[in-house]
Amino acid sequence: MTLRSVITGSGSALPKRAVSNAEMAEMVDTSDEWIVERTGIRNRYIAGDGETTSSLATEAARRAIEAAGIEAASIDLIVLATATPDQTFPATATIVQHNLGCNGGIAFDVAAVCSGFLYAMATADSMLRTGMARRALVIGAETFSRILDWDDRATCVLFGDGAGAMVLEARDVDPADPAAPGLLGSRLHADGAHNQLLYVDGGVSTTQSVGKLRMKGREVFRHAVTNLASVLQEVLGQSGHTAADIDWVVPHQANYRILDATARKLGLPAEKVVVTVDRHANTSAASVPLAYDTAVRDGRIQPGQLVMFEAMGGGFTWGAALARV
Ligand code: COA
């Protein structure tokens, strides 16, 4: 028998206010046609007064806990991925922990921008398999609308707010059983040489301000497809699977063209790729668990299936993970 991290529940949350491309065109010089053609985005959700990264994270976490059928008090680890925390410190994970009433365990944030959920998942997985915790909440939550430059049409149309969460539980499984559930492999990477292609132009230690998101979209696009295709192959190699074994890919929802180009590079049919970027836009660290939860709840992803998660973001950082759900 071997200890594996098994996904036992998922949940997600969105702000109340949906903003269409037509509404964006009233704010900046853009059009529904341009946004749909270049990105596949049709809609995004924008947090209003009182909606914060921690409030969205808490709502997503509650739904994941309910889906897992467990008591919130039994959670002994929270890893929350975000680039838009409620406060500079303490970690947003500790606010969520208190909201859920599971005080006393481990709780911390992970900063890897759009790859944050993959980083959080791999961290929680390591801690569960070494016995530091038994029951983890892994959350991706963002209010990116608050670091967007609403005068920059090249970036403000691309992002949205939201949260997604998963309960991961340490379970003893028979590794020889191909149907045994759990995380089968994961790989993470970072290359700090590309800071200036996707970054926020402010921060505590430099400007003492929050700053705004800046991006060279075309260059990011090029790196994303190459890095994602490569890390997906690494995870397949690590777990002894091939692309043909994958039932679903749940990618970071940045841009439909990136999802499509990455799937093509691996020879994966478009029908196996979960796409929610049209509805949610790019929600950074929230996008992978938000897309996963959407596809679980609408019945696309079924128990026993093999699911590949992947993301790439500022840093650059990128990663992938394979799980039997
Ligand atoms: N509406 C209308 N026109 C726009 C626009 C908008 N919202 N944003 C940019 N444009 C214009 C530009 O000004 C430019 O005009 P010009 O040719 O007159 O100078 C033209 O469209 C092309 O801009 P460019 O940036 O070269 O477009 P692109 O084909 O590279 O598409 C992105 C832009 C951002 C959609 C694309 O590069 C992309 O998706 N990159 C990846 C970004 C990403 O996903 N980042 C997050 C990773 S975590």
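Counting starts at 1 for both ligands and their atoms, following the listed order. No experiment lies behind these values; they were computed from the predicted model shown.
- Side-chain contact annotation: T143 with T53, donor-acceptor N/O pair under 3.5 Å present.
- Protein heavy atom in closest approach to atom 35 (C) of ligand 1: T39 CG2, 3.7 Å.
- Taking a 4.0 Å cut-off on heavy atoms, M24 fails to register as neighbouring ligand 1.
- Within ligand 1, counting atoms from 1 as listed, the ones closer than 4.0 Å to a heavy atom of V220 are 45 (N), 47 (C).
- Taking a cut-off of under 4.0 Å to the non-hydrogen atoms of A254, the atoms of ligand 1 that pass are 44 (O).
- The single protein non-hydrogen atom nearest to atom 39 (O) of ligand 1 is N255 ND2, 2.5 Å, given as residue, atom name and distance.
- Between the side chains of N43 and H280, no donor N or O sits under 3.5 Å from an acceptor N or O.
- Here the protein heavy atom with the shortest distance to atom 30 (O) of ligand 1 is R218 NE, 3.3 Å.
- For ligand 1 and M312, the ligand atoms under 4.0 Å from any heavy atom of the residue are 48 (S).
- Atom 29 (O) of ligand 1 has its closest protein heavy atom at R38 NH1, 2.6 Å.
- What sits closest to atom 33 (C) of ligand 1 on the protein, heavy atoms only, is W34 CH2, 3.9 Å.
- The closest side-chain donor-acceptor pair between T30 and R153, if any, does not fall under 3.5 angstrom.
- A donor atom on one side chain and an acceptor atom on the other are not found under 3.5 Å apart for R62 and N99.
- Protein heavy atom in closest approach to atom 36 (C) of ligand 1: R257 NH2, 4.0 Å.
- Considering both main-chain and side-chain atoms, L158 never comes within under 3.5 Å of ligand 1 through any nitrogen or oxygen pair.
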Is there a side-chain hydrogen bond (donor to acceptor under 3.5 Å, both in side chains) between H98 and N103 once you walk through the steps? CA-CA 6 Å; H98 185 58; N103 306 38; 3.0 Å; yes

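- Of the protein's heavy atoms, R153 NH2, 3.0 Å lies nearest to atom 13 (O) of ligand 1.
- If you check the side chains of E142 and T283, you find no donor sitting under 3.5 Å from an acceptor.
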